[in-house]
Amino acid sequence: MDADVVVVGAGLAGLVAACEVADAGGSVVLLDQESAVNLGGQAWWSFGGLFLVDSPEQRRMGIHDSLDLAWQDWQGSAGWDRLTAPDGSPGPDHWGREWARSYVEWAADGKREWLREQGVSFFPVVGWAERGDGTSGGHGNSVPRFHIPWGTGTGVVAPFERRVREHVAGGRIVYRPRHRVDELVTTGGVVTGVRGSVLVDDDAPRGAASSREVVGPFEYGAQAVLVSSGGIGGNHDLVRANWPRQLGDAPGTLLTGVPAYVDGRMIGITEAAGGAVVNRDRMWHYVEGVRNWDPVWPGHAIRILPGPSALWFDARGDRLPSPYLPGFDTLGTLDHLRHTGFDHSWFVLNRSLVGKEFALSGSEQNLDLTERRWRDVLRRPVTPVPPAVRAFLDHGEDWLTADTIGGLVARMNELEPDTPIDAAHLERQVVERDRQVENPFTKDAQVAAIRVARRYRGDRLTKRAFPPHRILDPKYGPLVAVRLRVLSRKTLGGLHTDLAGRVLDPTGVPVPGLYAAGEVSGFGGGGVHGYRALEGTFVGGCLFSGRQAGRALAAAL
C-alpha cells in the first residue's frame with residue numbers, strides 16, 4: 001500500500017479532501033493528468049462567487065435572508081422529480097436532495113466562518129444572480145446571495161493549494177502531476193488503488209491543451225480512492241450524447257467555457273468499477289457565451305454577466321418574453337432558445353449600458369478583484385467601460401457597434417447572413433420599450449424588473465442596474481449588438497454518493513473503498529442542484545463535497 005488514500009484530480013474538491021485527510025494524519029497520493037501549473041483545476045479560472053445565507057455582508061446591504069427562504073428557493077429551482085424509485089426505494093434524486101439540505105444549512109451557518117479561517121474574505125456588495133422565473137415558489141434567488149471573494153476563484157483556491165504544498169513538504173501528501181488514471185483497481189470487491197499512464201512532461205501554460213503522449217505506466221495502492229476529476233463540459237461529444245431531451249436538440253455550434261481536461265473520463269472509469277451514475281441528462285450551460293478574443297484553451301469562450309437592461313432578441317429579431325430576461329433564468333432561457341431552431345441570439349443595448357451593466361465571468365477577466373487592487377475596484381462604477389469589457393468591444397468577433405438601428409442590423413446580418421433580421425421590426429420593439437421607460441405605470445416586465453433592481457442598494461452602488469433611459473438616446477450611444485451562443489460549463493448529474501461521499505452501486509449500496517467529490521459527483525449525491533442552479537453553488541459545492549468526503553475518509557482510516 002502506497003498511501004491511505006489516492007485522490008484522483010487536483011481541482012478544488014480534490015485539494016480540500018486531500019487537506020482534510022492529511023490534517024487528520026493520513027497519507028495521500030494526489031494524482032492529476034495535467035501539469036503542476038494547473039493545480040486547482042477550473043476553479044482557479046472562475047469568478048469564485050459563493051452562495052451564503054443571512055451573512056453579515058447581506059445584512060449590511062439591507063438584505064433580509066433566512067434558511068427557510070433559501071431552502072424554498074433551492075427546492076423551487078431544483079425541481080427534483082426522481083426522489084423515489086418504482087419499488088418505493090430511494091430514487092436517483094434522494095441523495096442529491098439530502099446533500100442540498102446539508103449544503104444550504106452550511107451556507108447559513110458555518111461556511112463563511114470556515115472560509116474566513118482559511119483566509120477567504122468577501123467584497124462588501126452581494127450580487128443578485130438568477131433572479132428567477134417570476135413565481136414565488138419557482139426558480140431563482142428571492143434575495144441577493146452571490147458573495148464575491150477577494151481574489152475571485154484564484155483566491156479561493158490559494159489557501160488549499162498552500163496547505164497541500166505544506167503537506168507535500170511534510171511528507172503527508174505525494175503529488176504526482178501528469179499521471180492519468182485509466183483504471184480503478186478492485187480486489188475482492190474493494191477498490192484498492194489505481195492504474196494509469198504517465199504522460200510526457202508538457203510546459204503548456206495553465207488551461208492550455210496539453211500532450212497525451214504516454215511515457216510509461218504507474219500503479220498506486222491505498223485503503224480508499226477518492227475521485228474528484230470534474231465534469232464533462234470540455235468534451236462536446238459527451239455533452240451532446242447526454243443532452244437533455246426536454247431542451248430540444250443540442251446546438252450545432254457549442255462554445256467551450258472550461259479547459260479541455262474537463263473531459264469526463266473518470267465518470268466512465270468509475271462506472272466500470274461498479275459505481276452508479278445518475279441524472280446524466282442534467283447540465284448547466286450558459287446562453288450568454290461569446291468567443292474569447294484572446295483564447296487559452298480550444299474554443300475558449302466567456303460568459304457575459306449582464307445587468308437587467310439589455311434587450312434580448314432571438315435569431316429572428318423577436319424580443320424574448322418574460323421571464324427570459326438577462327440574469328433571471330438561465331435554463332429557462334436555454335430551453336426557450338433551443339426551441340427557436342437557431343444556435344444564436346442577440347443582446348441589443350448601448351455603450352453606456354455595456355460599460356455599467358456588463359461584467360465578464362472568470363478570474364482573468366476581473367484582475368482588479370483577482371489581484372485585490374482595491375482602488376481599481378472602487379473605480380468600476382465611474383469607469384465608462386471596464387478594460388476587460390472594452391477589449392471585447394474592440395476585438396471580439398461577436399461585438400458590433402453602430403450609430404443607428406439600421407446600421408446595427410446591417411452588421412448583424414453580415415455576421416449571420418443565414419438569419420437576416422428586419423431592421424424596422426427590431427427598431428419598433430426597441431422604440432416600444434423606450435416609451436415604457438418614460439412611463440411610470442409601465443406594463444413592460446423588464447422595465448418593471450429594472451425598477452425593482454434599482455431598489456437594491458448594491459445594484460445602485462455598482463451601477464449593475466443603470467438608471468433607466470431610452471436605449472436609442474444618442475447621449476448613451478453608440479448602439480451595441482452582441483451575438484450570444486451556448487457556452488458549455490457544468491455537469492449537474494454524476495456519480496451517486498451518500499452524505500459521506502461514498503460512491504453507491506446501482507442497487508444503492510456503497511462500493512467499498514470508493515469515494516467521490518466535486519462536479520464528478522454532481523457536487524454531491526449525483527445531483528445536489530436538481531435541474532437548476534442558484535449560482536454561487538459550484539465552487540461552494542466543490543468546497544463542501546470535498547470537505548465532507550475528506551472528513552469521512554479521515555474518520556474511516
Side-chain angles (χ1 to χ4, degrees), residues 10-16 19 38-53 55 57-58 103 106-107 111-130 141 144-164 206-207 228 230-231 233 257-259 262 284 286 288 296 302-305 327 330 359-374 376-377 380 386 388 458 462 464 487 489-490 517-519 523 528-529 533-547:
L12 182 57
L15 298 186
V16 173
C19 287
N38 289 281
L39 195 64
Q42 60 177 308
W44 189 94
W45 293 97
S46 75
F47 200 27
L50 293 165
F51 178 93
L52 296 175
V53 178
S55 69
E57 289 77 16
Q58 285 177 299
Y103 179 74
W106 187 55
K111 180 180 180 182
R112 181 180 181 276
E113 180 182 355
W114 181 74
L115 284 166
R116 289 187 68 84
E117 290 172 355
Q118 315 301 319
V120 177
S121 57
F122 296 97
F123 182 63
V125 178
V126 182
W128 194 354
E130 289 298 300
N141 287 294
R145 297 191 177 105
F146 191 81
H147 294 66
I148 302 169
W150 286 115
T152 63
T154 303
V156 176
V157 168
F160 301 99
E161 179 180 349
R162 182 185 67 251
R163 287 171 58 192
V164 164
R206 179 186 283 272
S228 54
V258 294
V262 187
W284 187 255
Y286 293 111
E288 311 99 328
V296 177
I302 297 293
R303 182 202 177 192
I304 295 173
L305 301 173
T330 292
L360 299 169
S361 182
S363 58
E364 84 283 15
Q365 301 297 328
N366 296 275
L367 292 179
D368 52 353
L369 288 163
T370 301
E371 297 176 356
R372 306 177 190 229
R373 302 198 305 247
W374 320 95
D376 288 346
V377 173
R380 278 196 178 206
T462 60
R464 289 285 289 154
L487 172 74
R489 186 62 67 84
K490 298 299 179 186
E519 191 176 354
F523 302 91
V528 68
H529 298 94
L534 290 173
E535 292 290 2
T537 57
F538 301 130
V539 171
C542 290
L543 293 168
F544 186 57
S545 60
R547 181 177 180 267

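Owing to the predicted nature of the structure, the values given are computational and were not obtained by experimental measurement.
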query: When you look at W106 and W114, which way does the side chain to side chain contact (heavy atoms under 4.5 Å, CB included) test go after all the steps?
result: CA-CA 10 Å; W106 187 55; W114 181 74; 3.5 Å; yes
- prompt: Do P159 and V120 touch side chain to side chain, with heavy atoms closer than 4.5 Å?
  reply: yes
query: What is the distance from atom NZ of K490 to atom OG1 of T537, rounded to the nearest 0.5 Å?
result: 9.5 Å
- prompt: Do Q42 and V262 come close enough that some side-chain heavy atom pair is under 4.5 Å?
  reply: yes
- request: Can you see which heavy atom on G14 is nearest to which on S228, and at what distance?
  value: CA-OG, 3.2 Å
field: ring-ring contact (aromatic ring centres under 6.0 Å, His included) between F51 and F146, worked out
entry: CA-CA 5 Å; F51 178 93; F146 191 81; 9.9 Å; no
query: Are R464 and L305 side-chain neighbours, meaning at least one heavy-atom pair lies under 4.5 Å?
result: yes
- request: May I have the step-by-step check of side chain to side chain contact (heavy atoms under 4.5 Å, CB included) for F47 and Q365, ending in yes or no?
  value: CA-CA 9 Å; F47 200 27; Q365 301 297 328; over 6 Å; no
query: Where do W284 and E535 land on the side chain to side chain contact (heavy atoms under 4.5 Å, CB included) test, with the steps shown first?
result: CA-CA 10 Å; W284 187 255; E535 292 290 2; 3.3 Å; yes
field: Atom pair CD/CH2 of E364 and W45 - distance to nearest 0.5 Å
entry: 5.5 Å
statement: dist L543:CG -> L12:CG (nearest 0.5 Å) comes out at 4.5 Å
task: To the nearest 0.5 angstrom, please state how far the OH atom of Y286 sits from the CD1 atom of I302.
output: 12.0 Å
field: Donor-acceptor contact below 3.5 Å, side chain N366 vs main chain L360
entry: yes
- request: Sorted by first residue and then second, give each salt bridge (Lys or Arg N to Asp or Glu O under 4.0 Å) pair with at least one member in residues 111-129; sequence neighbours left out.
  value: E57-R112
query: Looking at G518 and S545, what are the two nearest heavy atoms and their distance?
result: N-OG, 2.8 Å
Point-to-point distance, once rounded to the nearest 0.5 Å, from CH2 of W44 to OG of S363: 5.0 Å
- prompt: If every non-hydrogen atom of V156 is compared with every non-hydrogen atom of P149, which pair is closest and at what distance?
  reply: CG2-CG, 3.6 Å
message: Is it the case that the side chains of T370 and T152 hold a donor-acceptor pair, with the cut-off being a distance below 3.5 Å and no angle test?
response: yes
- prompt: Distance from F123 atom CZ to I148 atom CD1, nearest 0.5 Å?
  reply: 6.0 Å
task: Any chance you could lay out the side chain to side chain contact (heavy atoms under 4.5 Å, CB included) test for R163 and Q118, step after step, and finish with the verdict?
output: CA-CA 10 Å; R163 287 171 58 192; Q118 315 301 319; 2.8 Å; yes
- prompt: Does a side-chain heavy-atom distance below 4.5 Å link W128 with R145?
  reply: no
message: Out of the candidates R373, R372, R380, only one should pair with D376 under the salt bridge (charged side-chain N to carboxylate O under 4.0 Å, His left out) rule; please name it.
response: R373
Flag, side chain of W374 to backbone of D368, donor-acceptor distance under 3.5 Å: no
task: Could you walk me through whether E130 and T330 pass the side-chain hydrogen bond (donor to acceptor under 3.5 Å, both in side chains) test, one step at a time?
output: CA-CA 7 Å; E130 289 298 300; T330 292; 2.4 Å; yes
- prompt: Is a side-chain N or O of N38 found less than 3.5 angstrom from the main chain of G207, in a donor-acceptor match?
  reply: yes
field: Worked check of ring-ring contact (aromatic ring centres under 6.0 Å, His included) between F122 and W150
entry: CA-CA 5 Å; F122 296 97; W150 286 115; 9.9 Å; no
field: Test item: Q58 side-chain N/O and S55 main-chain N/O as donor-acceptor pair under 3.5 Å
entry: yes
